[in-house]
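This chain uses plain numbering: 1 for the first residue, then up along the sequence.
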Amino acid sequence: GPSAKSGKNTDEWPEKAGVVREKWQNHGRAARNGRGRPQKQAKSGTSGPRRYEKNMENGNNIQRLTAEAVRLLKEMVAIPSPSFSEDEVCTHICNWMTARGISHKQVGNNIIAEHIIDPDRPTLMLCAHIDTVAPCEGYTFDPHTPDYADAAEAVARKISGGEISADILKEHGIGNVMPEDIVAGLGSNDDGASAVSMIAAFRYFSDRFFAGAQNDICNLILVLSCEEERSGINGMTGLWSQLKDKVDYAIVGEPTGMKA
């Protein structure tokens with residue numbers, strides 16, 4: 001929360017909160033407060049071999065971040081983390097971030113990391129939640145330690161039976177489904193996938209800044225919140241009063257219904 005599920009009035013969120021639709025150069029807290037100044041324009045991109053080399057570096061970095069995100073997601077799935085019981089998964093994520101040099105703070109069972117490069121630039125919040133619902137009786141496997149070999153066979157059967165389109169695999173360059181191609185279990189979709197994706201995006205753009213791309217990056221705040229599934233007061237509902245004056249835009253990862 002605040003979310004549609006929590007029943008909270010989302011009008012309480014700042015008008016600008018939402019998906020970023022305009023370039024940061026045209027906005028920023030400084031301009032909003034009447035003390036804006038022209039922003040420096042990014043230098044034109046390099047050409048030739050250097051551009052190719054830079055694209056390769058970015059591609060390799062994305063692959064590395066993706067692989068690490070998938071491993072973290074599987075580790076999170078293995079830790080039961082229903083709403084109000086996120087202590088262990090929160091500690092695990094904090095230790096994981098610390099090991100990778102990501103400065104952050106823990107507020108209850110919420111995790112906040114900030115990359116503020118210029119107070120005159122706007123700030124984008126990347127948000128997802130780390131809690132899950134309780135496992136339902138419909139699971140045909142252990143929701144925290146799935147057998148990925150069995151999962152791969154089950155997916156293959158669904159593809160051969162037409163329940164899953166093979167085009168989805170082709171889009172991702174996957175031929176036969178292998179155990180390493182699958183992430184399954186409680187929270188793997190809602191909302192662990194969003195959580196690790198937000199962490200990866202935060203790391204990617206932070207790395208770009210330190211690599212010299214200072215001109216095309218806004219301020220970032222990563223928020224991994226707790227108690228979302230039960231609309232608890234100690235999650236985003238409680239955090240928002242601390243964040244609302246910092247955040248200009250927000251991207252909230254929430255895949256409920258497999259539609260987002």
Side-chain angles (χ1 to χ4, degrees), residues 1 3 5-6 63-100 106 108-111 127-166 168-169 171-200 224-232 234-236 252-260:
S3 67
K5 287 197 291 184
S6 69
Q63 291 177 354
R64 174 180 62 82
L65 293 174
T66 300
E68 291 186 3
V70 170
R71 287 194 293 271
L72 175 60
L73 178 55
K74 290 184 176 182
E75 293 166 5
M76 291 170 60
V77 169
I79 302 171
S81 53
S83 296
F84 310 127
S85 300
E86 305 96 341
D87 304 61
E88 187 177 352
V89 75
C90 183
T91 298
H92 182 81
I93 296 170
C94 285
N95 290 339
W96 187 94
M97 294 174 69
T98 297
R100 285 154 184 80
Q106 184 176 342
N109 280 327
N110 304 287
I111 303 167
C127 181
H129 64 89
I130 62 174
D131 60 310
T132 71
V133 296
C136 67
E137 296 179 356
Y139 270 97
T140 58
F141 57 86
D142 187 319
H144 299 295
T145 56
D147 185 320
Y148 283 106
D150 285 349
E153 293 177 3
V155 172
R157 287 195 299 271
K158 288 180 179 292
I159 292 173
S160 62
E163 296 178 60
I164 297 177
S165 172
I168 296 176
L169 301 181
E171 290 176 5
H172 296 279
I174 298 174
N176 296 326
V177 180
M178 303 298 291
E180 57 267 25
D181 297 324
I182 296 173
V183 180
L186 182 59
S188 58
N189 178 48
D190 187 2
D191 193 28
S194 293
V196 299
S197 296
M198 295 301 179
I199 295 172
L224 305 176
S225 63
C226 64
E227 300 185 4
E228 190 273 349
E229 295 290 359
R230 299 282 296 277
S231 301
N234 296 311
M236 182 56 76
V252 180
E254 179 53 60
T256 301
M258 299 292 283
K259 295 179 180 178

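- Within the model, atoms OG of Ser85 and CZ of Arg230 stand 9.5 Å from one another, a figure rounded to the nearest 0.5 Å.
- Taking both residues in full, the closest heavy atoms of Val177 and Ile182 are given as CG1-CD1, 3.6 Å, listed atom of the first, atom of the second, then distance.
- Within a 6.0 Å radius of CG in Asn95, more than 12 heavy atoms belonging to other residues, nucleotides or ligands are found.
- No side-chain heavy atom of Glu228 sits less than 4.5 Å from a side-chain heavy atom of Asp191.
- A pairwise comparison of heavy atoms in Pro255 and Asp190 identifies CG-CA, 3.9 Å as the closest pair.
- Taking CG of Asp131 as the reference point, atom SG of Cys90 lies at 11.0 Å (rounded to 0.5 Å).
- The CD1 atom of Ile93 sits 6.0 Å away from atom CG of Leu72, with the distance rounded to the nearest 0.5 Å.
- Met236 and Ser225 make their closest contact through N-CB, 4.1 Å (heavy atoms, listed as atom of the first residue, atom of the second, distance).
- Under a 3.5 Å cut-off, the side chain of His144 and the backbone N or O of Val77 do form a donor-acceptor pair.
- Here salt bridge (charged side-chain N to carboxylate O under 4.0 Å, His left out) pairs that include residues 133-158, with residues two or more places apart or in two chains, are Lys158-Glu163.
- Applying the salt bridge (charged side-chain N to carboxylate O under 4.0 Å, His left out) test to residues at least two apart or on different chains, none of the pairs has a partner in residues 72-92.
- Taking all atoms of both residues into account, the shortest heavy-atom contact from Glu227 to Gly235 is OE1-N, 3.9 Å.
- Between Asn109 and Ile130, the shortest heavy-atom contact is O-CD1, 3.5 Å.
- Judged purely by atom type and a 3.5 angstrom limit, Asn110 uses its side chain to pair as donor or acceptor with the backbone of Cys226.
- Here the CZ-CD1 distance, from Arg100 to Ile199, works out to 9.5 Å after rounding to the nearest 0.5 Å.
- Atom CD1 of residue Ile159 and atom OG of residue Ser165 lie 8.5 Å apart, to the nearest 0.5 angstrom.
- For the pair Pro135 and Pro143, the tightest heavy-atom approach, listed with the atom from each and the gap, is CB-CG, 3.9 Å.
- Interatomic distance, OG1 of Thr132 versus CG of Asn189, reported as 12.0 Å (0.5 Å rounding).
- Side-chain contact between Asn176 and Asp181 is absent, with no heavy-atom pair separated by less than 4.5 Å.
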